[in-house]
Amino acid sequence: MSDIQTLYAAFAARIDAVLSALEAEAVLPAGVSRANVAVEPPRDPSHGDLATNAAMVLAKPAATNPRSLAEKIVEHLSRDPAIVSAEIAGPGFINLRLDRKVWEEELAAIAALGSDYGRSVMGDGTRVNVEYVSANPTGPMHMGHCRGAVVGDALANLLEYAGHAVTKEYYVNDAGSQVDTLARSAHLRYREALGEDIGEIPAGMYPGEYLKPIGKLLAEEFGDTYRDAPESEWLLLFRGKAVAAMMDQIRADLAMLGIKHDVFSSEAELQAAGKPEQAEAWLRAHDLVYDGVLEAPKGKAPPEDWEPVELPLFRSTKFGDDQDRPIKKSDGKWTYFGADLAYHMQKAESADALIDIWGADHAGTVKRIKAAVAALAEGEGKVIPFDVKLVQMVQLLRNGEPAKMSKRSGNFVTIADMVEEVGKDVVRFSMLTRKPDAQMDFDFVKVVETSKDNPVFYVQYAHARICSILRRAAEEGIAPRSDQAALLGEDELALIKLAAQFPREVEAAARAREPHRIAFYLYELAGALHGWWNMGNDDPQKRIIVAQKLTVSGARLFLALQIGQIIRNGLAILGVEAVEEL
RNA sequence: GCGCCCGUAGCUCAGCAGGAUAGAGCAUCGGAUUCCUAAUCCGGGGGCCACAGGUUCGAAUCCUGUCGGGCGCACCA
């Protein structure tokens with residue numbers, strides 16, 4: 001199971017073995033924590049291939065100074081044939097240089113593992129449910145949904161690559177008042193399709209043109225049966241039809257971004273199945289729901305019509321929330337939270353860990369839902385690790401001017417517009433080249449204008465160049481050779497070392513749940529590839545294909561082939577195409 | 001008033017479970033193209049990492065406070 005191990009982990013294990021040996025020699029006291037011992041590539045490559053802080057971290061518990069402890073560690077490490085030098089530097093770092101065979105073998109490992117190079121067993125097959133997008137089914141996807149959609153999708157891919165069993169899930173809010181409004185808006189368009197002049201769309205209704213085709217379909221299917229009928233006769237019917245149409249639209253929009261969810265969970269079905277009642281009963285049995293009176297809102301004037309009412313409240317303060325939260329409204333219907341609580345319980349039944357991707361405008365409700373999941377551990381329950389990743393707002397601009405994104409305004413930039421204009425890859429990559437917890441600007445015009453400077457092309461160009469050189473070599477009858485790595489020079493070795501960091505980057509990104517790290521790594525790798533390539537411009541002997549040197553060319557082609565493999569593996573996580581030509 | 005997020009080069013952003021002289025792109029200045037795709041490369045200039053304390057061998061990174069910006073603070077979704 002654990003035979004897939006990163007090179008860095010392998011050497012960390014060797015250093016750990018040395019520390020155990022030192023414990024046996026009583027140089028180190030037994031049982032000292034090594035949690036802070038790090039083994040990583042130094043920032044400055046001139047320091048070597050690997051560095052460890054072991055001596056600095058352990059000097060104090062060993063009652064010695066870092067340098068003398070380092071000397072003892074170095075003494076052991078020097079016996080390892082894979083380590084050609086171990087030097088003490090600065091305040092007590094130990095810098096290691098590895099035998100070039102180690103790197104040659106790593107290059108062979110990339111070739112052997114192919115699209116699996118970088119996959120990790122870190123996740124150990126645990127089931128992670130990632131819920132993302134979950135946009136209300138009241139209109140097409142717009143740019144406000146885009147960032148969460150892309151980040152969630154890349155995160156799910158990343159966790160899968162890191163060894164988790166991932167479910168991509170979408171929660172369809174098809175039971176609240178917004179979908180009733182949708183149904184009424186659709187009814188207006190239905191009357192319009194029947195020839196009626198409906199004039200201006202009243203405030204509070206969805207004015208978007210996208211409802212016109214639905215009105216038309218409803219008119220074709222039902223004629224004028226419901227034109228003047230009371231709302232009670234058509235509301236549920238129209239709601240169902242409209243939501244289904246909206247979800248088809250949303251699925252199509254998501255497909256344009258390369259996103260496909262495994263599961264769509266319906267709030268209406270959840271309620272019809274009595275899940276909220278079950279949740280309430282369980283929570284009441286554990287004294288986590290009680291009937292109480294909500295406090296008046298603090299910090300600002302209470303609404304005009306505010307009055308104390310007794311409601312079933314979830315004891316979320318017990319788990320760190322600021323106040324207890326109602327799960328039912330005074331009309332007896334479930335609050336959004338009440339249903340969402342039951343929904344998270346449902347997800348927890350078939351997952352070992354949950355992740356929600358939300359927009360920052362929902363930050364205020366994080367504590368209560370975290371409280372709800374934490375409550376599952378009460379009694380005989382199990383602890384479900386649960387993370388809400390907040391994706392900060394995207395300020396959508398058009399030539400520096402703020403562009404409206406409100407779904408209700410009917411004036412918004414849809415994802416379909418954006419993808420058609422700049423392409424899926426640009427949209428995805430630009431959403432992934434910044435950490436999600438910082439706000440970002442997205443200027444519709446600027447992104448189109450500067451798409452040539454967009455980092456995605458830089459990475460794709462690197463891949464295309466590799467494909468180009470391989471095509472060229474094939475024409476000339478030169479094949480990549482896996483058995484000539486010894487002919488590679490220092491520049492090429494440096495490239496292998498960077499490539500070898502990919503598995504480590506995958507694990508680090510997965511642990512931090514930050515897919516953007518993969519994008520930055522690929523950018524760096526692409527830069528190294530371009531630099532290597534351009535050496536051939538200054539010195540023809542350094543070109544990848546050198547006419548008279550078939551074995552060297554073969555070795556370099558093999559290296560190029562493996563760099564291309566890693567770019568493909570990384571881009572696959574991000575959901576960006578590895579194009580073969582630009 | 002309270003909660004969450006952010007503050008790093010002129011601009012847009014990285015900074016890897018605290019590590020060794022703080023990095024990249026854009027912009028700017030100077031170079032490379034009879035040659036594997038110049039959508040590329042090489043080099044220069046440009047920083048009190050918002051501010052003030054604290055934790056320790058060591059802080060852009062962790063803690064506290066202040067200032068500045070964003071989002072939120074319903075029985076809505």
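Labels below follow one simple rule: chain letters A, B, ... track the order of the sequence lines, proteins then strands, and each chain is numbered from 1. What's counted below: heavy atoms across the whole structure, side chains too, no hydrogens, waters or symmetry copies.
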- Note on the structure: Closest to the 5' end of RNA chain B, once A:Gly536 and A:Ala512 are matched to their nearest nucleotides, is A:Ala512
- Take atom CE of A:Met393 and atom C1' of B:G70, then tell me their distance rounded to the nearest Å. 9 Å
- Indicate, with a heavy-atom threshold strictly under 4.0 Å, whether A:Gln460 touches base, sugar-phosphate, or nothing. nothing
- Query: Taking the side chain of A:Thr335 as heavy atoms from C-beta outward, which of B:G72, B:A20, B:C75 is closest to it?
  - Reply: B:C75
- Item | Any N/O donor-acceptor pair, A:Ser330 side-chain to B:C75 base, under 3.5 Å | yes
- Message: Please evaluate residues A:Thr365 and A:Trp358 with respect to the criterion side chain to side chain contact (heavy atoms under 4.5 Å, CB included), reporting the C-alpha separation (whole Å), side-chain torsions for both, the decisive distance (0.1 Å), and the verdict.
- Response: CA-CA 10 Å; A:Thr365 60; A:Trp358 290 0; 3.3 Å; yes
- Message: By nearest atom, which of the nucleotides B:C75, B:C16, B:G15 is closest to the A:Arg504 side chain?
- Response: B:C16
- Message: Considering only residues two or more places apart or on different chains, which pairs with a residue in residues 363-374 of chain A satisfy salt bridge (charged side-chain N to carboxylate O under 4.0 Å, His left out)?
- Response: A:Asp322-A:Lys367
- With a non-hydrogen cut-off below 4.0 angstrom, is A:Asp180 in contact with a base, only sugar-phosphate, or nothing? nothing
- What's the CG-P distance between A:Asp324 and B:C75, to the nearest Å? 12 Å
- In RNA chain B, stems of three or more consecutive pairs, Watson-Crick or G-U, each with both distances under 3.5 Å, turn out to be B:1-7 with B:67-73, B:10-13 with B:23-26, B:28-32 with B:40-44, B:50-54 with B:62-66
- Hey, does A:Asp44 reach any base, or is it just sugar-phosphate, or nothing, if we go heavy atoms under 4.0 Å? base
- Which one of A:Val150, A:Ile573, A:Ile357, A:Leu432 satisfies the side chain to side chain contact (heavy atoms under 4.5 Å, CB included) criterion with A:Leu155? A:Ile357
- Note on the structure: A:Leu294 CG to B:C73 P, in whole Å, measures 15 Å
Cut-off 3.5 Å, no hydrogens considered: what does the side-chain donor-acceptor table look like for residues 54-70 of chain A, sequence neighbours left out?
{"residue": "A:Thr64", "atom": "OG1", "partner": "A:Ser68", "partner atom": "OG", "Å": "2.7"}
{"residue": "A:Asn65", "atom": "OD1", "partner": "A:Arg67", "partner atom": "N", "Å": "3.2"}
{"residue": "A:Asn65", "atom": "OD1", "partner": "A:Ser68", "partner atom": "N", "Å": "3.0"}
{"residue": "A:Asn65", "atom": "OD1", "partner": "A:Ser68", "partner atom": "OG", "Å": "3.4"}
{"residue": "A:Arg67", "atom": "NH1", "partner": "A:Gly90", "partner atom": "O", "Å": "3.0"}
{"residue": "A:Ser68", "atom": "OG", "partner": "A:Asn65", "partner atom": "O", "Å": "3.2"}

- Qualifying salt bridge (charged side-chain N to carboxylate O under 4.0 Å, His left out) pairs with a residue from residues 40-51 of chain A, counting only residues at least two apart or across chains: A:Glu40-A:Arg504, A:Asp49-A:Lys497
- Task: Between protein and nucleotides 2-14 of chain B, map the contacts as a letter string: B base, S sugar-phosphate only, - none, heavy atoms under 4.0 Å, written 5' to 3'.
- Result: -SSSSS----SSS
- Query: Does A:Trp533 put a side-chain nitrogen or oxygen below 4.0 Å from OP1 or OP2 of B:A38?
  - Reply: yes
- Message: Base, sugar-phosphate or nothing for A:Ser177? Non-hydrogen atoms, less than 4.0 Å.
- Response: sugar-phosphate
- In B/S/- notation, 5' to 3', how is nucleotides 54-60 of chain B contacted by protein heavy atoms closer than 4.0 Å? --SS--B
- Note on the structure: Taken in chain and number order and not counting sequence neighbours, the residues that satisfy side chain to side chain donor-acceptor pair (under 3.5 Å) with A:Ser316 are A:Asp321
In residues 542-551 of chain A, what donor-acceptor pairs under 3.5 Å come from side-chain atoms, sequence neighbours left out?
{"residue": "A:Lys542", "atom": "NZ", "partner": "A:Asp491", "partner atom": "OD2", "Å": "3.4"}
{"residue": "A:Lys549", "atom": "NZ", "partner": "A:Gln541", "partner atom": "OE1", "Å": "3.1"}

- Item | Which nucleotide in B:C41, B:A20, B:C16 has an atom nearest any side-chain atom of A:Asn95 | B:A20
- Can you sort out the partners of A:Tyr161 under ring-ring contact (aromatic ring centres under 6.0 Å, His included), two or more places apart, ordered by chain and number? none
- Over all atoms of both residues, closest heavy-atom pair of A:Asp324 and A:Phe314: CB-O, 3.2 Å
- Looking for any heavy atom pair under 4.0 Å, which part of the strands does A:Ala51 touch: base, sugar-phosphate only, or nothing? base
- Message: Just checking A:Tyr170 against A:Tyr132, ring centres under 6.0 Å apart?
- Response: no
- Atom pair distance, as rounded to whole Å: OH in A:Tyr521 and P in B:G15: 16 Å
- Query: Touch check for A:Pro326, heavy atoms < 4.0 angstrom, all strands: base, sugar-phosphate only, or nothing?
  - Reply: sugar-phosphate
- Item | Note: A:Glu280-A:Arg284 ion pair, threshold 4.0 Å (strictly below) | yes
- Residue pairs, two or more places apart or on separate chains, that pass salt bridge (charged side-chain N to carboxylate O under 4.0 Å, His left out) and touch residues 509-530 of chain A: A:Asp387-A:Arg513, A:Glu514-A:Arg517
- Note on the structure: Test side chain to side chain contact (heavy atoms under 4.5 Å, CB included), reference A:Trp334, set A:Lys329, A:Glu277, A:Glu267, A:Lys275, output is A:Glu277
- Note on the structure: Looking only at B:C36, B:A24, B:A77, the nucleotide nearest the A:Tyr523 side chain is B:A24
- Task: State the CD1-CD1 distance between A:Ile88 and A:Ile94, to the nearest 0.5 angstrom.
- Result: 6.0 Å
- Task: With sequence neighbours excluded, tell me which residues meet ring-ring contact (aromatic ring centres under 6.0 Å, His included) with A:Phe386.
- Result: A:His344
- Looking across every strand, which nucleic acid part, if any, lies under 4.0 Å from A:Pro455 by heavy atom: base, sugar-phosphate, or nothing? nothing
- Message: Output the rounded distance in Å from CD1 (A:Ile466) to P (B:C36).
- Response: 17 Å
Quick test: give all pairs of protein nitrogen or oxygen and nucleotides 28-33 of chain B nitrogen or oxygen below 3.5 Å, distance rounded to 0.1 Å.
none

- Which part of the nucleic acid, if any, lies within contact of A:Ala59, taking any heavy atom under 4.0 Å across all strands shown: a base, the sugar-phosphate backbone alone, or nothing? nothing
- Task: With heavy atoms under 4.0 Å as the rule, sort A:Tyr458 into base, sugar-phosphate or nothing.
- Result: sugar-phosphate
- Message: So, does A:Tyr343 get its side chain near the phosphate of B:A77, meaning an N or O under 4.0 Å from OP1 or OP2?
- Response: no
- Under 5.5 Å between ring centres and under 30° between planes: true for A:His362 and the base of B:A77? yes
